[in-house]
Amino acid sequence: MTALILRRLSDLRAKTAAWRRAGETIGLVPTMGALHAGHLSLAAAAKQSCDRVIVTIFVNPKQFNKPEDLENYPRTEADDAQKLAHLGVDLIYVPDPDQIYPEGYATNVSVAGSITDVMEGPFRPGHFDGVATVVAKLFLQTSADKAFFGQKDYQQLMVVTRMARDLDIPIEVIGCETVREASGLAMSSRNLLLPKDRLAKAAALNAAMRVAAAKASAGGAWAPLETAARQTLAEAGFGDVEYFDLRCAQTLEALDSPSRPARLLAAAWMDGVRLIDNIEVPQLNS
Ligand code: PAF
């Protein structure tokens, strides 16, 4: 059975108020649609730990720093609703744009500091403000108890966690494992924009990351590992590699070696499509 679809905040609030009166907990999965197995795994995780599940679909204009990226973003609402039908999702909230940004809307939520100053921050100016703003609104509009995000957008997960804490929004932010194709390619709505033959090549990103992470964990110095990975990616058909960074998993500070819990994060372009990925890097001597 397809879930109820609501587009107005007043309708959403009426529904969540009834659930609350019945003492039910609410899990939220915020998305921009074009749902893939990664999103579905978030909805399944929400269903496991909450009585009610809301999936939101809103292609948020404020987080796109390039108009053509916003325009090309896949919009597949009917398919998305079909995919959620068997997961026990109670409600799909697809807000009309004025339910998020009404006439005269003037407020920006901005997370400052080391978690937004690096990687996606400088490459996508304004992106995290757009994410923090819309996610704050979705947290407040749904009054959810728990929100589920993929670790694929690792920096985003840190930003929304910080934002919820800083604004005292009573919600638990839960990061779930990245879901991958058999090739290792991280699932992403953007993969839909790649021609089929490029999809297989795009898996080279994760492969190069795994090689570099294993060598770093075995004591290899980071700079030559990064250089070698960039070379491998160029040979695999990637264009610009915006970053290929070893960073502290908690602060995102750059590291020369995984001397503490570390993450390898990368962004690279293939055929006009920007792909990102990140993996855990086991600590030295662990
Ligand atoms: O990860 C996404 O799809 C978006 O950034 C999010 C969290 C739904 C906010 O628009």
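Start at 1 and go down the list; that is how both ligands and their atoms are numbered. Along the sequence shown, residues are numbered consecutively beginning with 1.
A 4.5 Å side-chain heavy-atom check between V281 and L246 finds at least one atom pair inside the cut-off.
Here is the list of ligand 1 atoms found below 4.0 Å of a heavy atom in V134: 9 (C), 10 (O). Proximity to F149 (heavy-atom distance under 4.0 Å) selects the following atoms of ligand 1: 7 (C). Contact atoms of ligand 1 toward M32: 3 (O), 4 (C), 8 (C), 10 (O) (distance under 4.0 Å to a heavy atom of the residue). Shown in contact with T31 at under 4.0 Å from a heavy atom are these atoms of ligand 1, numbered in order with element: 8 (C).
Cluster membership check: F238 shares its hydrophobic cluster with L185, using side-chain heavy-atom separations under 4.5 Å among Ile, Leu, Val, Met, Phe, Trp and Tyr. Linking ILVMFWY side-chain heavy atoms closer than 4.5 Å, directly or via other members, places M119 and V160 in a single hydrophobic cluster. Linking ILVMFWY side-chain heavy atoms closer than 4.5 Å, directly or via other members, places I26 and I5 in two distinct hydrophobic clusters.
Of the heavy atoms in V160, none comes closer than 4.0 Å to ligand 1.
The list of side chain to side chain donor-acceptor pair (under 3.5 Å) pairs with a residue in residues 78-88, not counting sequence neighbours, reads T76-D80. For residues 172-182, the side chain to side chain donor-acceptor pair (under 3.5 Å) pairs, not counting sequence neighbours, are R180-D277.
Between Q63 and ligand 1, at least one pair of N/O atoms sits closer than 3.5 Å. Residue Q156 has at least one N or O atom closer than 3.5 Å to an N or O atom of ligand 1.
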